[in-house]
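Worksheet: the structure to be examined is printed underneath.
What's counted below: heavy atoms across the whole structure, side chains too, no hydrogens, waters or symmetry copies. Each chain gets a letter, A, B and so on, in the order the sequences are listed, and its residues count up from 1.
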Protein chains: 2
Amino acid sequence: MSSRRRRSPERATLSDVAKSAGCSLMSASRALSQPERVSDALRERVMEAVRALGYVPHPAARSLASARSNLVAVIIPSLSNAVFVDTVEAIQRVLMPAGYELMIGVSHYRPEEDERLLRAYLAHQPAGLLVTGFERSDAAREVLGSYDSPIVTLMELSDAEEDYCVGFSQFDAGAQMTRHLLQRGYRHIAFAAAQLDPRTLQRAEGYRQAMREAGRHEPALELLTPAVSSIGLGAELLDQLLARHPEIDAVFFNNDDLALGALFRARQLALEVPQRLAIAGFNDLPAAAWMHPALTTVRTTRGRIGELAGQMLLSLMRGEQPPQRRIDVGFEVVMRDSA
Amino acid sequence: MSSRRRRSPERATLSDVAKSAGCSLMSASRALSQPERVSDALRERVMEAVRALGYVPHPAARSLASARSNLVAVIIPSLSNAVFVDTVEAIQRVLMPAGYELMIGVSHYRPEEDERLLRAYLAHQPAGLLVTGFERSDAAREVLGSYDSPIVTLMELSDAEEDYCVGFSQFDAGAQMTRHLLQRGYRHIAFAAAQLDPRTLQRAEGYRQAMREAGRHEPALELLTPAVSSIGLGAELLDQLLARHPEIDAVFFNNDDLALGALFRARQLALEVPQRLAIAGFNDLPAAAWMHPALTTVRTTRGRIGELAGQMLLSLMRGEQPPQRRIDVGFEVVMRDSA
DNA sequence: CTGAAAGCGCTTACAG
DNA sequence: CTGAAAGCGCTTACAG
């Protein structure tokens with residue numbers, strides 16, 4: 001009934017710590033933030049007081065006073081996609097031990113959401129920012145422009161001098177899988193994709209390029225839908241493809257969820273894979289290798305992407321220049337039994 | 001080169017807004033936070049200034065001054081488990097439109113991590129907190145005790161008067177699936193589980209109870225491992241079970257990933273499911289219904305859990321008393337073809 | 001309905 | 001190596 005501010009009864013402040021340690025507020029502050037610039041005795045007393053009082057620094061106060069924070073914002077398009085979960089986990093594994101906290105934002109593949117998240121998160125003055133891909137709305141780009149801490153882009157590669165990025169060429173991956181299929185003798189190779197985010201479209205371009213090179217490009221064999229990716233959708237896309245183009249002998253699905261659904265449907269239809277129809281996916285999710293037939297797909301090293309991007313950001317946040325501005329982690333076409 | 005603080009060049013403050021709107025700092029503040037308590041003209045001018053200057057409130061300053069924030073912390077054990085992703089997505093869907101931001105923390109099923117996250121997140125003075133389950137370390141419990149904003153617990157149910165929770169009885173779910181298997185005539189029903197988090201152990205207890213009721217409980221048929229759950233692990237657990245107890249005629253796996261792995265392995269071994277061996281899972285992930293044979297499992301409505309928990313927390317943060325302190329969303333045993 | 005003052009809990013130059 | 005003062009950008013009682 002006495003205190004006018006309703007803060008937790010026992011939350012100790014730095015001033016309490018200083019009092020208890022018998023030093024000034026700012027010596028206490030220094031003992032915590034630059035322990036080496038303070039006498040051993042002082043440091044000991046302060047640490048002891050911190051322990052005794054259960055002192056926890058107030059992030060808002062710290063961030064307000066220093067115009068910095070230990071926050072790192074990460075914007076990804078989805079959490080339902082294991083690819084991004086793996087990436088975020090890896091990022092966390094390198095940033096957390098370094099004392100950073102992650103703010104994870106999910107844009108659901110929507111440019112407006114991307115922009116909203118960017119705006120909200122940057123208001124917190126994060127020490128660093130990790131974003132997915134380079135494409136965004138003009139407004140979002142403007143928001144990014146006014147941000148003056150380091151940014152590292154995940155998943156895609158850029159040749160621009162000012163960009164820091166860790167990823168691989170989505171275009172090349174799409175092209176290379178297509179070439180493998182062509183090499184195996186498939187001639188009427190369809191391409192099926194959902195979500196239609198930038199990376200999907202880059203893979204589609206790769207597919208087109210490879211098909212054109214082989215003189216086999218047929219726009220009608222592309223089935224692109226903005227719907228959310230899922231196993232069920234994969235089954236539906238296969239149905240549509242089969243109904244419209246019975247001549248197809250292979251389908252390259254833009255991700256493993258779709259390919260898995262197609263594999264399941266093929267089984268229901270008693271359609272032999274790969275004899276009657278080859279099926280390929282993208283990402284090499286855990287289930288891919290276990291399917292029967294085992295799924296041919298493109299292995300992407302998203303854990304590695306997260307790890308390297310986290311390390312790159314760490315260097316930048318420390319004011320160091322990382323060894324490379326652009327890391328290509330590559331990909332690997334994994335030919336198994338389904339194609 | 002002039003300003004001594006390195007804040008973003010153009011970041012406008014509320015004071016800039018006030019100046020531009022020709023009013024006092026605090027009228028500007030009020031126009032934003034309590035628009036109805038201010039004259040229409042003032043509100044208009046302030047909004048106009050906000051727009052013109054691209055003003056974005058400073059979260060740290062706001063939180064420091066008001067001892068509140070628009071942050072809601074969510075602690076879950078894993079993001080690799082689709083169950084928690086679904087839950088978090090649903091939470092976000094109800095909290096975001098209400099103006100809250102989520103801080104998502106992943107404990108990886110480790111009590112120390114749970115405690116560390118709690119400590120770190122509560123330092124930010126979140127307006128509300130969502131945690132998974134009731135079990136935690138004493139230290140973590142103490143941290144929670146000193147937190148004086150609302151807490152809602154996900155996934156589990158409590159009868160304590162002071163707890164707010166949304167979930168279902170993991171014990172009952174474990175027992176009920178086991179009873180269904182017994183009813184179908186299976187007699188040597190093994191139980192296989194990984195991770196060994198509290199909910200897993202509650203399901204195991206349910207299994208035991210049902211087996212005892214049927215006079216069929218055999219401790220040797222329980223295979224519990226602290227290893228991380230995965231498809232591959234499910235296959236391995238099946239191997240072990242088969243090697244040690246060839247007499248088993250059914251296995252109840254603690255989650256769908258494990259069950260999927262077992263289904264895949266059974267196929268490799270040309271082991272007929274469910275004739276030779278029945279297999280059941282838990283959670284009803286998307287792939288479950290597509291498998292061949294389709295997986296018998298327990299459907300959990302984690303989206304609903306997230307939604308209801310989010311709404312309950314919203315009520316509490318508004319100072320209202322929610323209709324119920326404890327919501328049982330139930331579960332459903334889905335008998336398909338694998339058992 | 002509007003405003004002047006104090007304060008939230010820290011850090012940052014600047015002195016000593 | 002240590003300290004007194006100012007200030008980060010807001011909100012909160014309290015007056016008028």
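Checked against D/dG9, C/dG3, C/dT2, the side chain of B/Thr13 finds its nearest nucleotide in D/dG9. In the set D/dT12, C/dG9, C/dG3, D/dT12 carries the atom at the smallest distance from any side-chain atom of B/Ser66. Closest approach to the B/Met26 side chain among D/dA13, D/dG3, C/dT12 is made by D/dA13 (side chain taken as heavy atoms from C-beta onward). Among C/dT11, C/dT2, D/dT2, the nucleotide with an atom closest to any side-chain atom of B/Arg30 is C/dT2. If you check C/dC10, D/dG9, D/dT11 against the side chain of B/Arg62, the one that comes closest is D/dT11. Comparing D/dT11, D/dG7, D/dC10 against the side chain of A/Ala65 picks out D/dG7 as the nearest. Relative to the side chain of A/Arg68, the nucleotides C/dT12, C/dT2, C/dT11 differ in distance, and C/dT12 lies closest. Looking at the side chain of B/Leu64, the nearest of the listed nucleotides D/dG9, D/dC1, C/dC10 is D/dG9.
Each of B/Ala61 and B/Ser24 was assigned the nucleotide of DNA chain C with the nearest heavy atom; the assignment lying further toward the 5' end belongs to B/Ser24.
Taking 4.0 angstrom as the limit, A/Ser29 places none of its side-chain polar atoms (N or O) nearer than this to OP1 or OP2 of C/dC10. Regarding contacts with the backbone of D/dC10, every side-chain N or O of B/Ser63 stays at 4.0 angstrom or more from both OP1 and OP2. Within the structure, every side-chain polar atom (N or O) of B/Ser15 is placed at least 4.0 Å from both OP1 and OP2 of D/dG9.
B/Arg45 has its CZ atom 12 Å from the C1' atom of C/dC1, to the nearest Å. A/Leu25 places its CG atom 12 Å from the C1' atom of D/dA5, with the value rounded to the nearest Å. Atom CG of B/Leu53 is separated from atom C1' of D/dG9 by 15 Å (rounded to the nearest Å). In this structure, B/Arg37 places its CZ atom 11 Å from P of D/dT12, rounding to the nearest Å. Here the C1' atom of nucleotide D/dC1 and the CD atom of A/Glu36 are 12 Å apart, to the nearest Å. Rounded to an integer number of Å, the gap from CG of B/Asp16 to C1' of D/dC8 is 13 Å. At whole-Å resolution of the value, CD in A/Gln34 and P in D/dT2 are 13 Å apart. When the P atom of C/dC8 is taken as reference, atom CG of A/Leu14 falls 14 Å away, rounded to whole Å.
A/Tyr100 is listed as a side-chain neighbour of A/Leu314, based on a closest heavy-atom distance under 4.5 Å. In this structure, A/Thr132 and A/Ile75 have side chains that are not in contact, with every pair of non-hydrogen atoms separated by 4.5 Å or more.
To the nearest 0.5 Å, atoms CD1 (A/Ile76) and CG (A/Leu130) are separated by 10.0 Å.
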Please list every donor-acceptor pair under 3.5 Å in which a side-chain atom of residues 50-65 of chain B meets a protein atom from a residue at least two apart or in another chain.
{"unit_1": "B/Arg51", "atom_1": "NH1", "unit_2": "B/Glu48", "atom_2": "OE1", "d": "3.1"}
{"unit_1": "B/His58", "atom_1": "ND1", "unit_2": "B/Ala60", "atom_2": "N", "d": "3.3"}
{"unit_1": "B/His58", "atom_1": "ND1", "unit_2": "B/Ala61", "atom_2": "N", "d": "3.3"}
{"unit_1": "B/His58", "atom_1": "NE2", "unit_2": "A/Gln125", "atom_2": "NE2", "d": "3.3"}

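Other residues, nucleotides and ligands contribute only 12 or fewer heavy atoms inside 6.0 Å of the CZ atom of B/Arg304. Within a 6.0 Å radius of CD in A/Glu161, other residues, nucleotides and ligands contribute 12 heavy atoms or fewer.
Looking at A/Arg116 and A/Glu112, no side-chain N of the basic residue comes within less than 4.0 Å of a carboxylate O on the acidic one, giving no salt bridge. The pair A/Arg199-A/Glu156 meets the salt-bridge criterion, since a charged nitrogen lies less than 4.0 angstrom from a carboxylate oxygen.
Pairs of Watson-Crick or G-U wobble type, with distances under 3.5 Å, assemble into runs of 3 or more in DNA chain D at these ranges: C:1-3 with D:14-16, C:5-12 with D:5-12, C:14-16 with D:1-3.
Residue A/Leu42 is in sugar-phosphate contact alone, with no base atom involved, counting any heavy-atom pair closer than 4.0 Å across all strands shown.
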